[in-house]
Amino acid sequence: MKTLQFVKISKTYNSRHGGQMFYIFFKGTEKSYRTVLFSNMRNFRNWTEIINNAERGDYISNLSFKLYKGKEIVNADSLPKLISQREMKQIQADRFEEHYGIPPY
């Protein structure tokens, strides 16, 4: 499971499977990733918090990956968790203090 930075949600398109489809884009430390969601699929509800609340620069954790046409993409069956930028800074500060024994500031 990985944590990636949220970039954006694409515009919606009509899906040939019914409903709407769109992409969610992410940024890792070395690569960019995406996933595709279909509004009529069961896994769509796993992503509602991200769709409704994520802002550019927030972090999404608990992401799994799969290969699609030879390229690694975020698995839409992941159970993503939203971490705001503020929460991530606090997590990083706590890790720093735990490791070094002093506050980062």
Side-chain angles (χ1 to χ4, degrees):
M1 299 292 174
K2 271 190 172 179
T3 299
L4 297 175
Q5 197 168 26
F6 174 81
V7 176
K8 70 177 183 175
I9 297 174
S10 74
K11 66 180 183 174
T12 59
Y13 303 91
N14 289 324
S15 168
R16 64 179 175 214
H17 306 290
Q20 299 288 309
M21 59 92 52
F22 57 91
Y23 296 96
I24 298 180
F25 296 95
F26 306 92
K27 183 171 69 168
T29 54
E30 298 176 15
K31 291 174 58 175
S32 295
Y33 298 91
R34 71 177 182 180
T35 193
V36 62
L37 294 175
F38 296 87
S39 62
N40 60 340
M41 297 293 182
R42 190 176 5 178
N43 63 5
F44 184 79
R45 69 175 173 256
N46 298 340
W47 292 88
T48 55
E49 182 182 14
I50 309 307
I51 294 165
N52 295 329
N53 300 316
E55 296 179 8
R56 185 181 198 100
D58 286 346
Y59 292 84
I60 313 299
S61 68
N62 206 34
L63 298 173
S64 59
F65 296 84
K66 68 178 186 177
L67 285 179
Y68 177 73
K69 296 184 178 181
K71 185 174 180 180
E72 189 177 42
I73 65 169
V74 174
N75 189 340
D77 290 331
S78 299
L79 298 171
K81 302 208 181 319
L82 177 63
I83 304 171
S84 71
Q85 293 176 56
R86 177 179 288 149
E87 290 170 321
M88 182 57 86
K89 285 180 183 177
Q90 186 60 51
I91 289 168
Q92 291 169 338
D94 292 345
R95 286 181 183 161
F96 182 93
E97 187 169 357
E98 184 178 304
H99 183 76
Y100 292 105
I102 56 172
Y105 314 111

Between [X] and [Y], is any pair of side-chain heavy atoms under 4.5 Å apart?
X	Y	value
M1	S64	yes
T3	L63	no
T35	F26	yes
N46	F44	no

Under 3.5 Å, which donor-acceptor pairs do the side chains of residues 79-90 form with other protein atoms, sequence neighbours left out?
from	atom 1	to	atom 2	distance (Å)
S84	OG	E87	N	3.1
S84	OG	E87	OE1	3.3
Q85	NE2	R56	O	3.0
E87	OE1	S84	N	2.8
Q90	NE2	D94	OD1	2.7

Using side-chain hydrogen bond (donor to acceptor under 3.5 Å, both in side chains) as the criterion, list what pairs up with [X], not counting sequence neighbours.
X	result
S32	none
N43	D77
N14	Q20

Could you measure the distance from the [atom1] atom of [X] to the [atom2] atom of [Y]? Nearest 0.5 Å is fine.
X	Y	atom1	atom2	value
Q5	D58	CD	CG	8.5 Å
S39	M21	OG	CE	10.0 Å
L37	I51	CG	CD1	5.5 Å

Exercise for the section: Could you tell me whether the side chain of N75 and the main chain of K66 form a donor-acceptor pair under 3.5 Å? Expected result: no
Exercise for the section: Under the ring pair (Phe, Tyr, Trp, His ring centres under 6.0 Å) rule, collect the residues that match up with Y23, sequence neighbours excluded. Expected result: none
Fill in the blank from the handout: Applied to residues 60-99, the ring-ring contact (aromatic ring centres under 6.0 Å, His included) test, sequence neighbours excluded, yields Y33-F65, F96-Y100
Are [Y] and [X] linked, directly or through intermediate hydrophobic residues, by side-chain heavy-atom contacts shorter than 4.5 Å (ILVMFWY only)?
X	Y	value
I24	M41	no
I9	V74	yes
I50	Y59	no

Handout entry: Summary of salt bridge (charged side-chain N to carboxylate O under 4.0 Å, His left out) pairs that have at least one residue in residues 7-17, sequence neighbours excluded
Key = none
Problem - Residue pairs fulfilling salt bridge (charged side-chain N to carboxylate O under 4.0 Å, His left out) with at least one residue in residues 30-50, sequence neighbours excluded - result: K31-E72
Fill in the blank from the handout: Tracing side-chain contacts under 4.5 Å among Ile, Leu, Val, Met, Phe, Trp and Tyr outward from L67 reaches none
Handout entry: Closest approach of W47 to A76 (non-hydrogen atoms, all atoms of both residues)
Key = NE1-O, 2.9 Å
